[in-house]
Amino acid sequence: MKLFFNTCPRDCYDTCSIVTAVDEGKLIEVKANSNHPITQGYLCPKGQNLIKYVYHKDRVLYPLRRTGSKGEGKFKKISWDDALNEIASRLTKVINENGSKTVLHYDYGGHSGLISLNFPKRFFNAIGSAETTYSICDTAGELAVELHYGKRYGRKPEEMLKSKLIVYWGFNAAVSNLHNFGLAKQAKEKGTKIYVIDPIANETTRLGTHLRIRPATDVIFAFGIAKYLIDNELIDSDFINEHTHGFEDFKGYLSKYTTEYVSKHTGISTQDIKSFAVDYAALKPNFINIGYGLQKQINGGEIVRAICLLPALIGVPRGFYYCNSERDFDKAYLKATHLRPNNPVKYVSSQLGRDLISKEINFLFVYNANPAATSPNQTLVKKGLLHEDLFVVVHDLFLTDTTLYADIVLPAASFFETMDINISYWHYYLSLNQKAIEPIDEAKSNSEVFRLLAKKMGLSQPELFEPDEDVIKKLISTSKTIEGRYEDLLQKGFLRMKQLPLMEFQTKSGKIEFSSSRAQELGLSSFPIVLDEHPQFPLRLISSAHPLILHSQYFNIQSIKPYILVNPTDAIKRMIKNKDATRIFNERGSLVLPVKISENVPEGVIWTFRSPWVSLSHDKKNVNVLTNDDFQRSSYGSTFNSTFVELEKT
Ligand SMILES: Nc1nc2c(c(=O)[nH]1)N[C@H]1C(S)=C(S)[C@@H](COP(=O)(O)OP(=O)(O)OC[C@H]3O[C@@H](n4cnc5c(=O)[nH]c(N)nc54)[C@H](O)[C@@H]3O)O[C@H]1N2
Ligand SMILES: Nc1nc2c(c(=O)[nH]1)N[C@H]1C(S)=C(S)[C@@H](COP(=O)(O)OP(=O)(O)OC[C@H]3O[C@@H](n4cnc5c(=O)[nH]c(N)nc54)[C@H](O)[C@@H]3O)O[C@H]1N2
Ligand code: SF4
Ligand SMILES: [Mo]
């Protein structure tokens, strides 16, 4: 038996370190690394299912070619050579006839290893294809923090245990970031106070004091807290004078946000507003975990802007966690951006459907993503994927909803079958993923696919053929913040990375800017603002994470049934009873799901988890037939939670 270090590479905050036992070339045991300071010896339920996932009977293990009509999902097995020849000749034809800007690669974080995520981009850079804005998830919040702080990094997880107060703001850590929740539970046992600001009651809100905010009113709440702190002299004036810019103007800007006004708009009582403000100022050190669900709405970026300014008032530098993904790896080398002959044409991630229908895209290469299940406005996405002039290649481990629209499906290797390194967007440990087993049957890793394809295309730049291990060694040796060398990583399975200084602010003024000069340059308001939504339907639909699946991943190997949560008052109004099959509809489409009547959602809000497999759902749809494909103007950020619907009993 041999032991290997692996890393769960899902698009998940935790980036867990794993120790894998292999016997006669087969995975025997997959366990959390108990030496890893954040993984702390336990995996989430998804991580506990990884052996089942790797050896699942439904894995795609050979290249497939479409035999039926598009979307039908009928394929026949072909050889890798035939598959690559066909892809290369189609690609060459499309580029020669219509230009490389009509080739689009749609990819996201299915495998977030540095190699698996980025090496394929060397190929697309070399051919000069179009790309997406990569804004389906957290970009609105990233820009938000950057506008006021320069870079977006915040506090690291270890500091939770030293905090007197932890706030979760639109962040369901019990489901989406289990080790964060674990740290909060440990902190609470030592006396740390916890607040959770969320319209919905869930396992995270039960850990602390739940402030049940009306959705999308968080800018107003944050401003109310800011004004209360200022008016009651609960601020740190020395810190403000020395390290911030634009305070006096900000103070004036807040004048209308009295506790009464804020309570009226947010639904939080004046007493709760005051108690939160008093605790926030008194219980230091503290920090706010700002969630991603919160910022996937029309107001999302503005909300994160308003929240991230609060710590500056009480003198806690970068007293938040939002996204710690900025690391000093040579990204240009990793993606070989110098190979690009042009500036890429960019398509907004959340508008894939619209773009496939109306824009000139003739070749789509999907890997690390399942947009037919996860993209908003699903009906348009499916329609776009059916486009006659479009050739679609999908590289995946399973016959996902997106593969059903593929002309060619390529079998992907699981992360146990390939080498990689991972960084987290939360904690600061670089983590090794060794090749523990050989690829099963004909499965191939992302980087291998693009090395082979580059060869078939007759490309000759050496960067396109560099072996994974060489890239990894070079990335590590050129990074200045990794505490250790490649050899140490092989020994330990993980290495700590240095965080940038919390007191460094990379803004024009070198200070935290209440009034953002970068926002002004971008034509945005220098202070956060409240943006209006224009709902045509009465109920807001919030969709967030489910503990057993990761977006659409693992849905096919679990048996979970979608449902919607509806508040009793909304149910009575529509004469809907518990378990009734209910049609949920809006201007984009409709979906039938059983109802669970529950006080966990407030009046005016319904909730469901995202994103079940469409092909395994009874009416071949999921929540994304309803979701909003509009984007936030400042950042291209998605707006899933600015979705409004009506319900009726079927
Ligand atoms: N198990 C599991 N874990 C995951 C994922 C998964 O699919 N499954 N996905 C991963 C990825 S890619 C992401 S982006 C993260 C997302 O994980 P989180 O950052 O936790 O985000 P969500 O789960 O989308 O939503 C979190 C909370 O935001 C609340 N919320 C929605 N609108 C508002 C609002 O206007 N105001 C306030 N205050 N709260 C609001 C929702 O009610 C919800 O409880 O999770 C990661 N982790
Ligand atoms: N309704 C609703 N929808 C949402 C959201 C929401 O809040 N509400 N949130 C959005 C967010 S935050 C995100 S991040 C997106 C995520 O959207 P996607 O990135 O599309 O999410 P996944 O379902 O994780 O799809 C990843 C795919 O990659 C495949 N994969 C895994 N490993 C590998 C590999 O090594 N190689 C290759 N080639 N493929 C691999 C998996 O099998 C899976 O099919 O979803 C968005 N969708
Ligand atoms: S999905 Fe997230 S929490 Fe679960 S094992 Fe993977 S990295 Fe860890
Ligand atoms: Mo995400």
Side-chain angles (χ1 to χ4, degrees), residues 6-18 30 32-33 36 38-40 42-50 53 108-110 112 134-139 141 167-182 196-205 210-219 221-222 266 268 289-300 303-304 307 321-323 349 374 415 422 424-427 431 533 540-555 565 600-602 605 607 609-611 638-643:
N6 287 102
T7 303
C8 178
R10 299 288 90 96
D11 183 354
C12 170
Y13 298 94
D14 302 52
T15 313
C16 291
S17 170
I18 291 173
V30 168
N33 185 348
H36 190 281
I38 306 296
T39 306
Q40 296 194 349
Y42 65 98
L43 300 176
C44 78
K46 302 176 290 303
Q48 290 166 22
N49 252 318
L50 285 166
Y53 164 81
Y108 207 67
S112 297
Y134 293 97
S135 53
I136 202 76
C137 179
D138 61 336
T139 41
V167 181
Y168 288 107
W169 200 320
F171 195 150
N172 187 8
V175 169
S176 63
N177 187 186
L178 198 64
H179 295 82
N180 181 321
F181 191 65
V196 187
I197 305 169
D198 200 306
I200 294 176
N202 54 39
E203 211 183 316
T204 308
T205 61
H210 183 191
L211 300 180
R212 201 160 193 178
I213 193 165
R214 211 167 272 149
T217 63
D218 305 69
V219 173
F221 183 66
T266 62
I268 300 177
N289 287 286
I290 308 174
Y292 294 168
L294 171 73
Q295 52 88 61
K296 282 181 260 173
Q297 52 169 304
I298 298 289
N299 259 304
I303 289 173
V304 177
I307 297 171
Y321 158 67
Y322 179 70
C323 178
S349 302
T374 57
F415 64 92
N422 297 66
S424 158
Y425 43 82
W426 176 47
H427 61 70
S431 191
E533 294 170 314
R540 180 189 293 269
L541 167 65
I542 292 180
S543 43
S544 58
H546 184 290
L548 296 180
I549 58 176
L550 207 125
H551 293 292
S552 70
Q553 292 195 71
Y554 310 124
F555 187 81
L565 291 183
N600 287 345
V601 284
V605 175
W607 175 88
F609 65 83
R610 65 184 187 225
S611 308
S638 61
T639 61
F640 289 97
N641 288 333
S642 289
T643 294

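One-based numbering, in listed order, for ligands and for the atoms of each.
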- Task: Look only at interatomic distance and state if V175 has a nitrogen or oxygen under 3.5 Å from any nitrogen or oxygen of ligand 1.
- Result: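 In this structure, V175 places an N or O atom under 3.5 Å from an N or O of ligand 1.
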Protein residue, atom and distance nearest to [atom], heavy-atom basis:
atom: atom 42 (O) of ligand 1; result: D198 OD1, 2.7 Å
atom: atom 8 (N) of ligand 1; result: I549 O, 2.8 Å
atom: atom 2 (Fe) of ligand 3; result: C12 SG, 2.4 Å
atom: atom 7 (O) of ligand 1; result: H551 N, 2.8 Å
atom: atom 20 (O) of ligand 1; result: S176 OG, 2.8 Å
atom: atom 10 (C) of ligand 1; result: D11 O, 3.2 Å

- Under 30°, 30 to 60°, or over 60°: which ring-plane class applies to Y168 and F171, parallel, tilted or perpendicular? perpendicular
- Give me the ring orientation class for Y13 and Y425: parallel if the planes are under 30° apart, tilted from 30 to 60°, perpendicular past 60°.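 The rings of Y13 and Y425 stand perpendicular, inter-plane angle above 60°.
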- Task: Please verify whether a non-hydrogen atom of R214 lies at under 4.0 Å from ligand 1.
- Result: no
- contact_flag Q553 ligand 1 heavy-atom lt 4.0 Å: no
- Message: Would you say atom 4 (Fe) of ligand 3 has C44 as a near neighbour, meaning an N/O/S atom of that residue under 2.8 Å away?
- Response: yes
- Message: Applying the ring-ring contact (aromatic ring centres under 6.0 Å, His included) criterion to W169, which one of Y322, F221, Y321 satisfies it?
- Response: F221
- From Q295, R610, Q297 - option closest to atom 13 (C) of ligand 1 by heavy atom: R610
